[in-house]
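First up is the structure itself, then whatever we jot down about it.
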Amino acid sequence: MNEDAVLIRDLKAHDGREVSIRGWLHGRRTSGKIAFLLVRDGTGTVQCVVEAANGDAFRVASEIGHESSIGVRGTVRLDERAHGGAELSVTGLEVVQNVADYPIARKEHGVDFLMTHRHLWLRSPRQCAILRIRDTLIRSIQAFFAERGFVRIDTPILSPGAAEGASTLFPVDYFGEKVFLAQTGQLYLEAAAMALGRVYCFGPTFRAEKSKTRRHLTEFWMVEPEVAWAGLPDLMDLAEGLICRLVADVLAGHRADLALLDRDPAPLERIVAPFPRITYTEAVEQLRSPETHERLQAGLEADRQRLAADQARLADLEAQLAAAKKGWQQEKLGREIAALREAVRELGQDLENRPAHIEGARTFAWGNDLGGDEETILTRLHDRPILVSRYPRGVKAFYMKPDPADPRVVLNVDVLAPEGYGEIVGGSQREDSLEALQERMRAEGMDPAPYEWYLDLRRHGTVPHGGFGLGLERTVAWVCGLRHIRETIPFPRLMGRIYP
RNA sequence: UCCGGUGUAGCGCAGUGGUAGCGCAGGUGACUGUUAAUCACUUGGUCGUAGGUUCGAAUCCUACCACCGGAGCCA
């Protein structure tokens with residue numbers, strides 16, 4: 001194939017010239033005397049027109065299947081009728097490999113099938129859009145911290161013990177010793193923060209929790225800044241600034257990708273500082289307040305009506321299906337019906353549970369951790385991420401610093417994303433007093449021996465400091481408006497799924 | 001771990017006790033501007049597995065397996 005191949009996204013600059021492209025066959029339509037090949041190369045998709053007069057190429061064009069790897073030579077022609085604005089009038093066609101049995105069609109597939117074919121599913125436009133946005137988020141994170149003088153620290157993945165309870169970690173045999181895959185870089189990061197001031201780590205992290213939900217992976221990426229001389233308000237500002245930056249960068253560079261994902265950008269455009277900041281205690285008051293109760297009841301009533309409307313629409317679609325003649329119309333309707341059925345079932349289930357949630361909120365007791373239901377209720381009251389701070393000590397980790405103004409709570413902050421995406425950030429100011437930390441570890445029944453190095457940080461120039469972790473995949477899911485986290489990472493690791 | 005749901009052609013689904021079906025994909029043919037092209041014909045099945053009930057089971061019962069969703073936990 002020609003060395004001077006042009007990328008499809010650059011084709012418009014070559015109007016009227018003969019060029020070569022390389023790529024994969026993404027779609028094909030043939031007529032008696034003309035064939036249309038849709039070719040993608042990772043930078044774009046272009047329609048290539050092959051006329052019957054072009055004997056060899058036309059014959060080849062009529063034979064190759066989806067995802068065949070091909071080289072195409074042709075003349076670029078700007079054309080209103082073409083999708084990307086440019087077309088290629090084919091003069092030569094070279095088949096690197098003809099594929100007859102590509103398993104993924106340009107249509108709906110089931111989750112299990114797609115997950116088993118994840119290595120091929122990645123080629124679909126939707127998955128490519130998600131991966132591009134993920135890449136932008138990663139770059140944006142690195143730029144944000146670099147601009148603020150943070151030094152990136154790579155913390156170890158093999159870890160001698162657990163930071164917060166060994167039951168949720170993956171054990172690994174390390175020359176006969178039992179060690180674990182890291183679930184956070186935080187403790188090591190604290191050491192680095194005492195060396196460099198502002199640091200962050202960004203890498204994979206592992207949780208062996210047996211969670212089978214749309215929000216959980218067993219292997220996911222987390223960015224964790226850790227800042228010396230920082231108090232809780234500094235951390236909240238940092239998290240808020242980071243999230244605004246991430247959303248702004250995606251909006252600036254990925255309008256087309258968001259459109260391809262059917263992601264309404266309007267909710268993202270509202271993501272500007274300042275975010276609402278409430279304490280846990282205020283959150284509990286909000287949950288229990290009569291105003292919230294009324295709002296939730298009104299929401300329940302509205303959703304009940306929505307359910308009735310959906311059910312009516314479902315019946316209407318089923319009538320249309322019975323009347324539909326064309327096969328693909330039937331299929332399209334069938335798919336719409338299936339989606340609507342699932343939505344109706346989900347909403348129905350939700351509505352069944354809702355009165356219990358509402359009652360749970362009204363009677364929520366101070367001291368309990370906020371669960372998914374409570375988070376959902378709180379985020380529904382706002383259209384921006386909310387920062388919830390100062391949780392009860394009992395539900396948080398040993399290294400979090402108690403609030404001097406109210407020792408029942410710690411100086412932590414969780415950021416809850418809107419639109420039901422839940423917790424994307426968790427962090428805290430750390431306990432910087434040696435005695436207080438030792439006392440807390442005693443109270444939790446922890447053996448201090450493996451943590452001596454960590455305690456050393458409080459013996460040799462301790463300072464107020466803190467940090468947080470932001471989950472990359474949950475952020476991708478929120479920004480892209482995805483229902484499930486499994487599409488946010490190239491090869492998701494889920495409980496009970498490790499292939500491919 | 002607990003609760004709920006689903007397993008029928010390569011894929012998406014219908015079929016609730018009486019001959020295994022539809023659409024898409026694949027194949028053959030027609031068609032010079034298609035955008036999920038259209039039209040005609042056509043290949044393709046151990047109905048998740050094992051047992052049971054029945055004259056007869058995709059359909060009913062039991063167990064198991066796989067997958068999905070939710071809870072707990074969390075990012």
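Below, chains carry the letters A, B, ... as their sequence lines are ordered, and counting in each starts from 1.
Of the listed residues (Glu190(A), Lys401(A), Gln429(A), Arg198(A)), just one forms a side-chain hydrogen bond (donor to acceptor under 3.5 Å, both in side chains) with His465(A), and that residue is Glu190(A).
Spacing of P atoms, rU43(B) relative to rG21(B), comes out at 13 Å, to the nearest Å. One P atom belongs to rC61(B), the other to rC24(B), and the distance between them is 34 Å to the nearest Å. Between rC74(B) and rG15(B), the two C1' atoms lie 43 Å apart (nearest whole Å). To the nearest whole angstrom, the two C1' atoms, one in rG17(B) and one in rC55(B), are 12 Å apart. Nucleotides rG48(B) and rA37(B), compared at atom C1', are 38 Å apart to the nearest Å. Between rC47(B) and rA20(B), the distance separating the two C1' atoms is 8 Å to the nearest Å. Separating the C1' atom of rG5(B) from that of rC41(B) is a span of 40 Å, rounded to the nearest Å. On the C1' atoms, rU54(B) is 25 Å away from rA14(B), given to the nearest whole Å.
Asp369(A) comes within contact range of the sugar-phosphate backbone alone, with a heavy-atom separation under 4.0 Å but no base atom that close. Base contact: His216(A) has a heavy atom under 4.0 Å from a base atom. In this structure, Leu217(A) reaches the bases: a heavy-atom distance under 4.0 Å links it to at least one base atom across the strands shown.
Between His117(A) atom NE2 and rA25(B) atom C1' the separation is 13 Å, expressed in whole Å. One atom, CZ of Phe58(A), and another, P of rG33(B), lie 12 Å apart when rounded to the nearest Å. Atom CG in Leu114(A) sits about 12 Å away from atom P in rC68(B), given to the nearest Å. For Trp221(A) and rA75(B), the CH2 to C1' distance is 15 Å, given to the nearest whole Å. Atoms CE (Met115(A)) and C1' (rG69(B)) sit 14 Å apart, rounded to a whole Å. Atom OH in Tyr499(A) sits about 16 Å away from atom C1' in rA66(B), given to the nearest Å.
If you check rG12(B), rA75(B), rC74(B) against the side chain of Phe113(A), the one that comes closest is rG12(B). Comparing rC11(B), rA75(B), rC68(B) against the side chain of Lys212(A) picks out rC68(B) as the nearest. Closest to the side chain of Gln47(A), from the set rG33(B), rG12(B), rG72(B), is rG33(B). The side chain of Ile485(A) lies closest to rA75(B) when the candidates are rC11(B), rG69(B), rA75(B). Here rG69(B) is the nucleotide among rC67(B), rC74(B), rG69(B) with the atom lying nearest to any side-chain atom of His484(A). The side chain of Glu87(A) has rU34(B) as its nearest neighbour among rC74(B), rC67(B), rU34(B). Considering only side-chain atoms of Glu375(A), the nucleotide from rC74(B), rA71(B), rC68(B) that sits closest is rC74(B). Checking rC67(B), rA75(B), rG10(B) against the side-chain heavy atoms of Arg497(A) singles out rC67(B) as nearest.
In this structure the side chain of Cys480(A) reaches within 4.5 angstrom of the side chain of Ile133(A), judged on heavy atoms. When side chains are defined from C-beta on, Pro492(A) does not count as touching Arg497(A), because their heavy atoms never get closer than 4.5 Å.
Remark: Cys48(A) SG to Ile21(A) CD1 distance equals 4.0 Å, nearest 0.5 Å.
Across all strands shown, rU38(B) forms a Watson-Crick or G-U wobble pair with rA30(B), both key distances being under 3.5 Å. In this structure rU6(B) sits in a base pair with rA66(B), meeting the Watson-Crick or G-U test at under 3.5 Å. Judged by Watson-Crick or G-U wobble contacts below 3.5 Å, the nucleotide rC13(B) has rG21(B) as its partner. Across all strands shown, rG52(B) is found opposite rC60(B) as a Watson-Crick or G-U wobble partner, with both distances under 3.5 Å. Pairing partner, rU1(B): rA71(B), with both Watson-Crick or wobble hydrogen-bond distances short of 3.5 Å.
Residues Glu63(A) and Met222(A) each lie close to RNA chain B; by heavy-atom proximity, the contact nearer the 5' end of the strand is made by Glu63(A). The residue among Gly426(A) and Leu494(A) whose nearest nucleotide of RNA chain B is located toward the 5' end is Leu494(A).
Taking a 4.0 Å limit (strictly below) on heavy-atom distances, residues 27-36 of chain A reaches RNA chain B at Arg29(A), Thr30(A), Ser31(A), Gly32(A), Lys33(A), Ile34(A), Phe36(A).
The aromatic rings of His119(A) and Tyr499(A) lie perpendicular to each other, with more than 60° between the two planes, well past the 30° mark.
Note on residues 412-423 of chain A: pairs passing salt bridge (charged side-chain N to carboxylate O under 4.0 Å, His left out), not counting sequence neighbours, are Arg263(A)-Glu419(A), Lys396(A)-Asp414(A).
Side chain Arg77(A) to base rG33(B): a donor-acceptor pair is found below 3.5 Å. Between the base of rC74(B) and the side chain of Ser211(A) there is no donor-acceptor pair shorter than 3.5 Å. A donor-acceptor contact under 3.5 Å is not formed by the side chain of His109(A) with the base of rC11(B).
By the side-chain hydrogen bond (donor to acceptor under 3.5 Å, both in side chains) test, Asp237(A) pairs with Arg277(A), sequence neighbours left out. With sequence neighbours left out, the salt bridge (Lys or Arg N to Asp or Glu O under 4.0 Å) criterion links Arg390(A) to Asp403(A). Partners of Arg40(A) under the side-chain hydrogen bond (donor to acceptor under 3.5 Å, both in side chains) rule, at least two apart in sequence or in another chain, are Glu67(A).
Under 4.0 angstrom from either OP1 or OP2 of rC67(B) there lies no side-chain N or O belonging to Arg486(A). Checking the phosphate oxygens (OP1, OP2) of rG72(B), no side-chain nitrogen or oxygen of Arg207(A) falls inside 4.0 Å.
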Run the side-chain donor-acceptor check on residues 359-367 of chain A: report pairs under 3.5 Å with partners two or more places apart or on a different chain.
from, atom 1, to, atom 2, distance (Å)
Glu359(A), OE1, Arg362(A), NE, 3.3
Glu359(A), OE2, Arg362(A), NH2, 2.9
Thr363(A), OG1, Glu359(A), O, 2.9
Trp366(A), NE1, Thr281(A), OG1, 2.9

